[in-house]
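One structure below.
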Amino acid sequence: MATSITDHFLVPKHYLLPKEQAEKLLEERGISAEQLPRIQKNDPAIKEFKPLKGDIVKIVRNSPTAGQSIYYRRVV
Amino acid sequence: MLMKKIHSVEFQIISPAMIRKMSALEIKTPDTYDKDGYPMEGGLMDPHLGVINPGLRCKTCGQKMKQCPGHFGSLELVRPVVHSEFSRRIEMLMHATCEECGRIVLPEEDLEKLRRDVEAQPKHTEIIAKKIVAKAKKITKCPHCKAIKGKLLLDKPTNFFMEKERIYPTQIREWIEKIPEQDLMLFGYNPERIKPEWFILTVVPVPPITLRPSITLESGIKSEDDLTHKLVDIIRINIRLKDNIDAGAPQLIIEDLWDLLQYHITTYFDNNTAGVPPAKHRSGRALRTLVQRLKGKKGRFRHNLTGKRVNFAARSTVTPDPFLEISEIGVPETIAKELTVPEIVTSWNKKKIEKLVKDKDKAVYLIRPDETRKKIDETNKKEVLEELDIGYKVERRLRNGDIVLFNRQPSLHRLSMLAHKVRVMPGKTLRINPIVCKPYNADFDGDEMNIHVPQTEEGKTEAKELMYVRDQVISPRYGGPVIILDEDGVSGLYVLTMKSTEFTPEEAMQYFYEIGITNIPKPDRGKNYSGKIIFSQTLPKDLDLEYQTKTCRVLKKTGLCKNCVKEKCEHDAYLKIERGKLKCGVIDAASLGEGSGKIIDALAREYPSEVIEKFYFDTMRLITDILTKRGMTVGLDEYEVSDKIKEKKKKIVEEVMEEGKKLVEKFSRGTLKHIPGRNLEESFEIEMMRLAAKSKEKLEREIMKEKLGPVLSKNPELNTMVMILSGSRGSSINLMNIAGFWGQASVREGRPRRGFSDRLISLNKRSDFGVDAGGFISKNFLEGMNAKEYFYHSMGGRQGEVDTGVSTKVSGYLYRRLANSLKDLMVNHDGTVRTADKNVVQYKYGEDGVFPMKTVQGKSVDIEEEFRLFKKKK
Ligand SMILES: [Mg+2]
Ligand SMILES: [Zn+2]
Ligand SMILES: [Zn+2]
Ligand SMILES: [Zn+2]
């Protein structure tokens with residue numbers, strides 16, 4: 001049986017951020033890429049995208065305080 | 001400020017060349033002082049090594065005591081010795097290499113592969129080195145030069161044997177010198193920085209005098225530092241060895257002396273080396289040498305660097321004083337005299353400071369703009385006043401109104417350190433209002449606390465703005481009150497605001513006077529005043545509140561009040577405050593309690609913090625007064641129950657026994673109904689627990705009903721019930737245990753089972769699983785238990801004791817680790833949470849960016865309250 005863990009309701013949705021958007025994000029927030037939290041290239045939640053080192057992943061999580069919160073991680 | 005980032009730190013091993021290069025003097029003689037008491041030239045106290053006498057100048061750098069950092073000397077060893085801290089590394093190298101050619105005794109292709117491994121994973125050299133040694137140990141013949149490899153043995157810590165024959169440091173040095181650089185790299189050494197032959201010492205650095213100062217005792221006798229003693233030993237043996245070699249002494253004697261030199265060097269580094277007897281002082285005390293200075297709780301790291309002591313601090317026992325404001329702290333005169341604050345002289349305060357200097361015993365020091373100090377005393381006041389000018393500082397004693405930090409360990413909390421306003425008082429203890437015990441977790445059974453005096457305007461302001469007690473009433477953890485009235489505070493206000501409480505005008509005036517009411521309200525009970533009207537005087541005039549009290553909750557649980565009729569509640573259990581007037585309801589834990597006290601919450605949240613401080617001060621007056629006059633005490637008669645209850649208890653216990661018997665029978669026949677997911681035995685045990693719990697609940701309700709009756713209808717003398725109803729202390733369970741029965745003793749959430757084989761205690765029959773034999777206690781604390789029940793009770797008691805012990809330890813350490821890992825996370829101005837090196841942890845603090853202290857019970861918006869306010873406006 002082939003099933004992807006990304007379909008599970010407890011796994012927050014991960015998206016690969018397009019280059020322009022990623023650059024805009026860093027620019028707007030004044031964060032350098034090294035300061036972002038990291039995620040492994042082969043992390044089960046993102047490996048389907050076949051991400052490259054340096055890509056930025058956007059994660060939408062359910063949050064007990066904010067309802068929904070957005071998080072960014074840099075692929076290493 | 002110029003800030004630079006440290007890119008990396010590299011540790012190396014000091015080379016003999018380096019030791020010689022940094023040496024200011026070669027030590028030649030073991031003598032320290034000559035007979036006139038002057039330091040010997042070329043000795044361990046030679047002034048080339050630094051100065052420890054004020055006034056003298058260093059012969060190396062020419063500076064005076066404080067300026068000269070001290071200079072290293074050196075000692076040339078006649079024969080090399082092993083550095084004991086490195087003998088393991090030496091052993092590894094010798095195991096892996098050939099004595100003849102110095103190569104690693106592995107075939108060239110293996111070495112080639114290893115070289116690639118090291119290049120690929122430069123951080124794993126430790127593991128690779130271990131692998132090399134393990135492989136090389138098995139090889140008996142060098143593949144490079146075909147020399148036979150002997151069996152090497154290390155007699156810890158420093159003696160090496162080859163085929164049972166001693167090899168001396170000179171030979172070892174020759175051996176490991178031969179190891180080529182390419183092979184060294186495989187062990188993780190950087191051959192440009194470290195040569196393993198340096199592990200064998202040929203020259204020893206002699207630390208500066210500043211590191212081992214001699215002390216002159218009161219008797220005038222000079223006493224040397226342990227390190228100096230040790231160095232004297234080394235030099236002495238070194239010279240003796242030299243003399244013997246020069247005189248051509250027999251090899252045996254030379255080897256003995258050599259070993260002795262090795263011993264002294266080994267203990268000089270670490271006087272606790274395994275397998276070496278520690279070197280002793282003349283008095284028999286073991287010497288404190290280099291490793292001992294650094295290691296352990298009393299070592300340089302944990303004692304002096306991690307745990308530094310501070311100035312401008314004081315410590316004493318704390319005692320309560322309800323006449324203080326919550327933000328105040330009572331500081332003893334003796335402490336206030338000792339602690340100082342610098343006051344900067346400006347054009348605005350110059351007059352005031354001049355007065356300060358003129359007054360007796362107020363100013364202590366004059367600090368000039370160049371930071372030099374002058375002590376102010378009665379004799380030089382004139383000169384000081386003359387010199388005093390803008391830009392100067394005057395250090396004055398602590399006085400009323402100063403802001404200080406107050407702290408109680410363990411500091412698990414940000415509320416473990418708060419800012420208080422000083423009030424200088426007679427006595428020897430530090431005094432606090434008992435209301436602020438909560439955040440510190442302090443009590444007065446001998447607790448000691450510390451004060452710290454901020455020394456700069458910035459420090460004072462920061463303390464006042466961020467840590468002042470009255471601004472900390474709402475907890476930053478859960479958004480509810482933490483600095484609260486509890487215990488006697490709640491009981492006091494409950495008694496004051498009970499329906500039955502009434503005061504004559506004379507009595508009432510006393511209360512009004514105490515809380516400074518000049519606008520006397522009209523009596524509301526004929527000529528008399530109710531307690532409610534007196535309490536209302538402490539509230540702001542625009543406060544509106546409405547809620548069910550703690551009393552209401554207790555009554556509901558007992559079944560005495562089913563449908564809430566709000567204002568019309570006959571038990572006065574519904575509270576309503578209209579425009580600062582307590583219309584109905586008693587003040588209890590629901591109004592004042594931790595986390596959810598409604599009045600405290602409203603006052604602390606909606607008003608400036610002076611209001612809550614004033615409220616606490618006023619209510620404290622009322623509480624102290626009413627409880628002093630009325631008293632708050634209990635007697636055994638409060639737990640006496642009626643015959644009706646006694647009868648009921650008998651019946652209930654009999655019922656339990658009966659039901660229990662039935663369950664046992666079902667269990668042994670196997671007809672007992674299973675609880676889903678449990679086996680027969682588990683189901684039986686659960687049923688037995690349930691049976692006991694149900695019976696207890698039944699009687700508990702009966703006793704509560706009986707005891708509540710008189711309190712609700714005008715007999716407030718039952719103080720146990722006052723405490724239970726108001727939620728100030730104790731619960732119906734405590735009452736049940738005293739006046740009803742204890743019920744089932746439990747260990748780990750079930751009936752106790754361990755003890756003798758097939759039974760709990762030897763008083764029972766074997767294989768009896770019944771109610772009585774399973775730990776049921778049908779007695780209460782008032783009657784007392786029989787021997788059997790006493791043991792049952794102790795089984796549960798022990799579990800509780802062990803649990804608290806284990807859980808405080810475990811959770812304490814867990815908390816410490818968590819706190820240490822989070823302590824330098826900070827919310828930045830852009831709203832992100834970042835580590836000390838500015839890595840992002842959260843993009844928005846707590847994901848919603850809300851400060852919990854400003855929330856309502858953790859929610860950022862209290863919709864219901866907003867709606868209520870909205871309706872009110874309309
Ligand atoms: Mg204590
Ligand atoms: Zn010097
Ligand atoms: Zn060889
Ligand atoms: Zn009610």
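Each chain gets a letter, A, B and so on, in the order the sequences are listed, and its residues count up from 1. Predicted, not measured: the structure shown is a model, and the values here were computed from it.
Against chain A, the residues from residues 826-834 of chain B that qualify, each with a non-hydrogen atom under 4.5 angstrom away, are B:Asp830, B:Arg834 in number order. Against chain B, the residues from residues 20-41 of chain A that qualify, each with a non-hydrogen atom under 4.5 angstrom away, are A:Arg29, A:Gly30, A:Ile31, A:Glu34, A:Gln35, A:Leu36, A:Pro37 in number order. Residues of residues 838-851 of chain B that come within less than 4.5 angstrom of chain A, heavy atom to heavy atom, are B:Lys838, B:Asn839, B:Val840, B:Val841, B:Gln842, B:Tyr843, B:Gly846, B:Glu847, B:Asp848 in numerical order. At a heavy-atom cut-off of under 4.5 Å, chain B is reached by no residue from residues 8-17 of chain A.
Residue-environment remark: CD (B:Glu594) exceeds the threshold of 12 foreign heavy atoms within 6.0 Å. The 12-atom threshold is not exceeded at CE of B:Met185, counting heavy atoms of other residues, nucleotides or ligands nearer than 6.0 Å. Residue A:Arg61 qualifies as enclosed at atom CZ: its count of foreign heavy atoms under 6.0 Å is above 12.
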